[in-house]
Protein chains: 2
Amino acid sequence: MKTAELPSWNDGPARQAIVDFVARVTDESGADYVRPAERIAVFDNDGTLWCEQPMQVQVFFLADRLQDLASLDPGMRERQPFKAFLAHDFKTLHGLGKPAVMELFAATHAGMADEEFDEIARAWFAIARHPKFKRPYTELVYRPQVELLEYLRNSGFKTFIVSGGGIDLIRAFAEDAYGIPPEQVIGTSAKVRFELHDDRPVLMKLGELNSFDDREAKPQNIRLHIGRRPILAFGNSDGDLAMMRYTLAGPGARLALLLHHDDPQREVAYDRDFKLSPLRDALDNADRYGITRVSMQHDWKEVFAA
Amino acid sequence: MKTAELPSWNDGPARQAIVDFVARVTDESGADYVRPAERIAVFDNDGTLWCEQPMQVQVFFLADRLQDLASLDPGMRERQPFKAFLAHDFKTLHGLGKPAVMELFAATHAGMADEEFDEIARAWFAIARHPKFKRPYTELVYRPQVELLEYLRNSGFKTFIVSGGGIDLIRAFAEDAYGIPPEQVIGTSAKVRFELHDDRPVLMKLGELNSFDDREAKPQNIRLHIGRRPILAFGNSDGDLAMMRYTLAGPGARLALLLHHDDPQREVAYDRDFKLSPLRDALDNADRYGITRVSMQHDWKEVFAA
């Protein structure tokens, strides 16, 4: 590889594992050669490609969207589960359970045509700012990962996102931020319904869950969308473990990487006790599973884009 | 375009419509320019890219697979719905209804790991022959369509299959036959389940339907898998109409094409009364919907590969 590649990665075991792996699968004369069509790389998004602290971007989007809706329909402030969420009364919200969460998603992500949602999401990304870093969320993508995605594509890989986040929200920014087009984004999805509006076909986003793309659902959705076992997987939590282990279990050269957030100076430090995406099994058993650990603090020269 | 392109298409309105459309969307100085990332083309498979007569290839595969299974378990020949299918007693089979069809599919397409099915399907394609044409099914792909797929890709398009056929069966031959990789194949799918076999992750194909990819489900699955409205759609039956109309309803230049099987000499002639994929609404209302008709007899110099 050219020394100019992966400039934000420090020399160390993680960078070396990546470079060695790519050299092995692209060497046409080697035993581990993989033809380009089979060079499939899958990446989790929240906490792997961009910041997921203090909350996943999805939740900030939901909150802002609910404020917008409440300003048009003030009665929402008195109706549950909206009242609890708008008042940050998470104890009450927790008591309302899963149906309440689905209702929050339905109100903020559904009931409109697919392309209308896309416009709303793009408009939000253009103005929203992260509460701590005071920057657009799309600037909080990790620079070393953007370099890695490009390095892989330059090495003949096809790069995919496989995220527990909402598929349509990710599609609204992933092409600009990561160079990953919508058809290479897999995520949590709601059902859609084909309808004719004045004889014009549209797809309406419904409030009903189609797939919650986490844990075992990740390899299951990889099968549905990609139809081929990836040879590289990158995640940051136990929610990515099934996808990483599925990737590693194929024949030939394989690489699974786990990002550890151990960098309170530049980002944050969390793992086992972060409720939104706990990291316990993967961290404790990385060696047994054959997973390569990546330390944000030690392996990355820079965290965010300049 | 170079005159060498689309050599199996006769000069005529269909070929002209294709060439004009591609010229418009690729002309960077024109009003209808579409950047490459948005040049999405979707094709039905059965009867659009290859022969679906006298039965869809899926059914031949199912029949051969059932014979193989019955030779291992002769008791199957006495159990319904297998008995009726193996005896070509379609009247009894029809009476057994939809659950019987699901059971036939479950027995022949499920109960194994995804990659085992892929091997079975590839082995079958290598030896199976079409009953009328006495050639491998993969040689019964339409030569003008293979040229069209290549022409579109050479013009910066990304080509997808959106089929009512089984997604995994199509994926087993589409890369070789059409140059379309598994991740660009959408089809009817069963659910899969992540399992650990001796601590090794596999995806088991289940007998439960995930999505029957026909009619309104086609644009719905286009949304799930591609996330972007196509600009070109090609089909051959009313089952493709929702996808074609969804494609045409976007802004800018759009093209939808409908193949009419009117060639009893070289292939077959059928439309309204073919039960497996009737063509009525699309044929009668093509002009109103803005769909361009393609006549196999008049628009194609050759039908099959040499």
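The figures here come from the full heavy-atom set of this structure, side chains too, leaving out hydrogens, waters and symmetry mates. What you are looking at is a predicted structure, and each value in this text was computed from that prediction instead of being measured. To find a chain, count down the sequence lines: A is the first, B the second, and so on, and within it residues start at 1.
In terms of heavy-atom pairs under 4.5 angstrom with chain A, the leader among Val185(B), Leu203(B), Leu248(B) is Leu203(B). The most heavy-atom pairs under 4.5 Å with chain B, out of Pro181(A), Ala37(A), Pro182(A), come from Pro182(A). Contact count against chain B (heavy-atom pairs under 4.5 Å) is highest for Asp199(A) among Asp118(A), Leu196(A), Thr247(A), Asp199(A). Ranked by heavy-atom pairs under 4.5 Å with chain B, the first of Arg193(A), Glu216(A), Glu175(A) is Glu175(A).
Contact residues of residues 219-232 of chain A toward chain B are Pro219(A), Gln220(A), Arg223(A), Leu224(A), His225(A), Ile226(A), Gly227(A), Arg228(A), Arg229(A) (heavy-atom distance under 4.5 Å). Interface with chain A: from residues 157-166 of chain B, residues Lys158(B), Phe160(B) qualify, criterion being any non-hydrogen pair under 4.5 Å.
A distance of 10.0 Å separates CE of Met243(B) from CG of Asp214(B), quoted to the nearest 0.5 Å.
Side-chain contact between Asn236(A) and Val294(A) is absent, with no heavy atoms from C-beta onward closer than 4.5 Å. Looking at Thr292(B) and Phe21(B), their side chains never come closer than 4.5 Å, going by heavy atoms from C-beta outward. For the pair Tyr289(B)/Leu241(B), a side-chain contact is recorded, criterion being any heavy-atom separation below 4.5 Å from C-beta on.
For Glu38(A), the salt bridge (Lys or Arg N to Asp or Glu O under 4.0 Å) partners are Arg35(A), not counting sequence neighbours. Take Phe173(B) and apply the ring-ring contact (aromatic ring centres under 6.0 Å, His included) test, not counting sequence neighbours, and it matches Trp50(B), Phe125(B), Tyr178(B).
No donor-acceptor pair closer than 3.5 Å links the side chain of Arg24(B) to the backbone N or O of Tyr33(B). For the pair Arg293(B) (side chain) and Leu258(B) (backbone), a donor-acceptor distance under 3.5 Å is absent. Side-chain N or O atoms of Glu116(B) include one that pairs as donor or acceptor with a backbone N or O of Ala113(B) at under 3.5 Å. Looking only at distances, a side-chain donor or acceptor of Thr188(A) sits under 3.5 Å from a matching main-chain atom of Asp213(A).
Only the side chain of Gln184(A) comes within less than 4.5 Å of a heavy atom in chain B; its backbone stays farther off.
Considering every non-hydrogen atom in both Val34(A) and Arg39(A), the closest pair reads O-NE, 2.8 Å. Residues Phe61(B) and Ala121(B) come closest through the heavy atom pair CE1-CA, 4.1 Å.
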